[in-house]
Amino acid sequence: MTQSSVSLVSELQRRNSILKRLLDVSLILNSNLELKPLLVFIMDAVCEITNAEAGSILLYDRKLDELHFEASNSPGTSPERLAQIPVPMEGSIAGQIVRENTPVVLNDASLDPRIFRQVDESINFQTRSLLGVPMAIKGDIVGVLEAVNKKQGEWTLDDRASMLILASQAAVAIQNAQQSEALRGALQELGKMDKIKTDFIAIASHELRTPLGVILGYASFLQDESQGEASEHAAQVLNAALHMRTLIEDLVNLRYLQMGDADLIFEKVQVGALLSAAEHDIKSLVDAKGHQFKLDLTHGDFIVNVDRVKIGMVLENILNNAVKYTPNGGKITMLIEPRPREVWIQVIDTGIGIPQDQLEKIFDMFHQVEDHLTRSYNGMGLGLAIARGMIEAHGGRLWAESAGKNQGSTFTIALPQAQLTGVLDPSKVNAK
Ligand code: ADP
């Protein structure tokens with residue numbers, strides 16, 4: 001091999017190792033490494049690729065208009081010590097790089113007046129040569145990447161190009177870290193708010209129960225003991241207090257569901273029996289609004305393993321809504337739809353309907369399609385959140401469908417069919 005081909009091969013090998021190192025950095029960058037070790041990895045790559053004694057990353061603090069060392073691998077220096085030395089925008093190379101947004105190449109820095117000597121003095125280091133490039137995130141300069149003291153010869157164009165690549169990788173790493181830091185902060189904040197809300201619900205529902213019990217007791221006593229107008233007034237107080245008790249029960253139920261503590265008492269029951277009981281409970285409200293009600297059991301009856309009281313509560317809620325959100329003289333149908341391994345209970349109304357973009361949101365706590373302040377229906381927006389939580393606690397699903405405004409709504413409860421294989425005689429199932 002001739003002398004020139006030997007040097008060509010070694011040049012190719014050198015370039016190959018630079019590319020490999022740059023590739024390593026981007027691979028590491030894409031893995032989920034913490035910011036600090038990632039920056040140290042980039043510093044080491046700076047030294048290896050540019051053959052420098054040390055590398056540093058300085059971040060620009062816009063508020064204080066100065067730079068701070070974020071990472072450095074200067075031999076014998078503690079990064080914590082460096083972090084405490086602010087680097088001014090005027091009178092430093094890093095400041096010049098940020099101000100002018102251009103790389104600076106210094107082959108002889110020993111006497112250069114632009115070097116901020118305070119850093120060298122504090123860490124007992126001597127900057128002899130320096131190659132610094134700006135780091136930018138989406139066009140905004142966020143800091144500077146520096147290679148210090150070339151071990152042999154002068155900085156090359158390759159060094160400069162590699163530093164620019166490493167600077168953009170360091171910028172991405174810093175941006176990722178800043179974003180996840182901001183996200184962590186927001187999540188923490190959200191967690192705090194959620195706790196305040198949960199605590200509030202717990203305290204309010206608990207503290208309201210006692211005085212409400214007193215009101216209920218005395219209102220009922222007064223109703224019994226008084227006559228005429230006084231008795232009517234007492235009845236009104238009693239009704240309002242009963243309504244309030246329902247609201248408090250909703251809050252308590254919600255809390256239990258949120259804690260995953262729904263406390264269900266399972267028993268095997270026939271769906272038809274559950275629906276007939278619900279029909280009976282809702283009858284007076286249906287009649288009061290002149291609705292037509294149909295319970296359709298023609299697709300057969302099935303057995304489910306459920307907490308009868310809790311499912312009754314869910315059905316009552318959905319039926320109440322169907323009655324409430326359907327103008328007088330509407331039609332409400334409740335039916336059973338058999339599915340493989342599941343039984344679907346559907347409540348179909350001819351009411352005001354639900355806009356497409358609200359079909360999921362209505363299951364969020366306190367969410368109501370109408371604005372809280374101007375709404376013409378009463379309620380707290382908790383019923384469906386509780387209903388869905390309750391059905392999910394039974395291993396089922398609950399969802400809504402509607403063709404839109406004034407097109408009516410269909411609510412479907414999907415419950416797993418009970419496993420009966422030879423264990424239970426369906427005729428002996430609790431169908432009370
Ligand atoms: P509430 O009825 O107390 O407001 P829910 O959680 O039961 O709370 O229901 C949430 C919202 O879903 C209601 O405010 C209403 O906007 C909408 N909604 C529920 N059921 C129906 C229905 N059958 N038809 C139309 N809208 C409904």
Side-chain angles (χ1 to χ4, degrees), residues 205 216 238-257 262-267 269-297 301 304-326 330-337 343-352 354 362-363 365-368 377-394 396-400 408-415 430-432:
S205 48
L216 278 169
L238 191 61
N239 275 341
L242 282 171
H243 180 58
M244 204 186 260
R245 190 171 68 180
T246 317
L247 298 180
I248 292 172
E249 271 166 10
D250 274 357
L251 289 173
V252 173
N253 275 322
L254 188 73
R255 190 162 154 256
Y256 285 146
L257 280 172
D263 212 9
L264 303 176
I265 302 164
F266 286 96
E267 58 179 316
V269 284
Q270 277 179 305
V271 179
L274 289 175
L275 302 199
S276 300
E279 178 191 22
H280 178 263
D281 291 343
I282 198 79
K283 191 164 182 329
S284 58
L285 284 181
V286 168
D287 292 346
K289 283 196 76 178
H291 292 320
Q292 210 184 309
F293 188 91
K294 185 171 171 213
L295 174 58
D296 179 355
L297 300 177
D301 201 353
V304 284
N305 193 17
V306 295
D307 183 317
R308 160 196 292 279
V309 177
K310 299 286 167 35
I311 294 293
M313 212 178 82
V314 170
L315 287 172
E316 189 187 328
N317 215 304
I318 291 171
L319 285 171
N320 253 324
N321 280 348
V323 172
K324 182 160 77 170
Y325 297 110
T326 301
K331 198 171 157 203
I332 296 163
T333 311
M334 183 159 60
L335 56 86
I336 295 180
E337 171 89 21
V343 46
W344 287 11
I345 301 165
Q346 293 196 306
V347 176
I348 306 161
D349 66 51
T350 54
I352 61 169
I354 302 163
I362 54 171
F363 293 96
M365 278 186 284
F366 304 111
H367 186 89
Q368 300 177 309
Y377 303 95
N378 58 13
M380 270 206 301
L382 277 181
L384 287 180
I386 296 172
R388 179 175 267 183
M390 211 54 104
I391 295 298
E392 285 175 356
H394 280 83
R397 292 166 290 131
L398 166 63
W399 68 94
S409 311
T410 299
F411 283 79
T412 306
I413 302 170
L415 286 172
N430 200 343
K432 196 163 46 161

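- By the neighbour-count criterion of 12 heavy atoms within 6.0 Å, atom NZ of Lys289 is densely surrounded, having more than that number from other residues, nucleotides or ligands.
- Side-chain contact between Glu337 and Thr412: absent, with no pair of heavy atoms (C-beta onward) separated by less than 4.5 Å.
- Atom CD of Glu316 is separated from atom CG of Asp281 by 6.0 Å, given to the nearest 0.5 angstrom.
- Nearest heavy-atom pair, Val252 versus Ser205, reported as atom, atom and distance to 0.1 Å: CG2-CB, 3.8 Å.
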Legend entry - Intermediate values then yes/no, side chain to side chain contact (heavy atoms under 4.5 Å, CB included), Leu238 and Leu216: CA-CA 6 Å; Leu238 191 61; Leu216 278 169; 3.8 Å; yes
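- The OG1 atom of Thr246 sits 12.0 Å away from the CG atom of Leu382 when rounded to the nearest 0.5 Å.
- The side-chain heavy atoms of Val304 and Ile311, taken from C-beta on, include no pair separated by under 4.5 Å.
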Inset, instruction - Kindly indicate, with the supporting measurements, whether the criterion side chain to side chain contact (heavy atoms under 4.5 Å, CB included) is fulfilled by Phe411 and Ile362. - result: CA-CA 12 Å; Phe411 283 79; Ile362 54 171; 3.9 Å; yes
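- Between Leu242 and Arg245 there is a side-chain heavy-atom pair separated by less than 4.5 Å.
- Heavy atoms only, all atoms of each residue included: Gly272 and Asp301 are closest at N-OD1, 2.8 Å.
- Here the side chains of Leu415 and Val271 are not in contact, with every heavy-atom distance at 4.5 Å or above.
- By the 6.0 Å contact criterion, NZ on Lys324 is enclosed, its count of non-hydrogen atoms from other residues, nucleotides or ligands being greater than 12.
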Legend entry - Trace of the side chain to side chain contact (heavy atoms under 4.5 Å, CB included) decision for Val306 with Leu274: CA-CA 10 Å; Val306 295; Leu274 289 175; 4.1 Å; yes
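- The distance from atom CG of Leu251 to atom CD1 of Ile386, rounded to the nearest 0.5 Å, is 7.0 Å.
- Between the OG1 atom of Thr326 and the CD1 atom of Ile352 there is a distance of 8.0 Å, given to the nearest 0.5 Å.
- With values rounded to the nearest 0.5 angstrom, Ile413 atom CD1 is found 11.0 Å from Ile336 atom CD1.
- Note that CG of Leu315 is 14.0 Å distant from NZ of Lys310, once rounded to the nearest 0.5 Å.
- Each of Leu285, Leu319, Thr333, Val323 was compared with Phe293 under the side chain to side chain contact (heavy atoms under 4.5 Å, CB included) criterion, and only Leu319 meets it.
- The two residues Asn253 and Met313 have their closest heavy-atom pair at ND2-CE, 3.5 Å.
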Inset, instruction - Evaluate the criterion side chain to side chain contact (heavy atoms under 4.5 Å, CB included) for residue pair Leu335 and Ile348; output intermediate values, then yes/no. - result: CA-CA 8 Å; Leu335 56 86; Ile348 306 161; 3.9 Å; yes
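- The two residues Gly330 and His291 have their closest heavy-atom pair at N-ND1, 2.9 Å.
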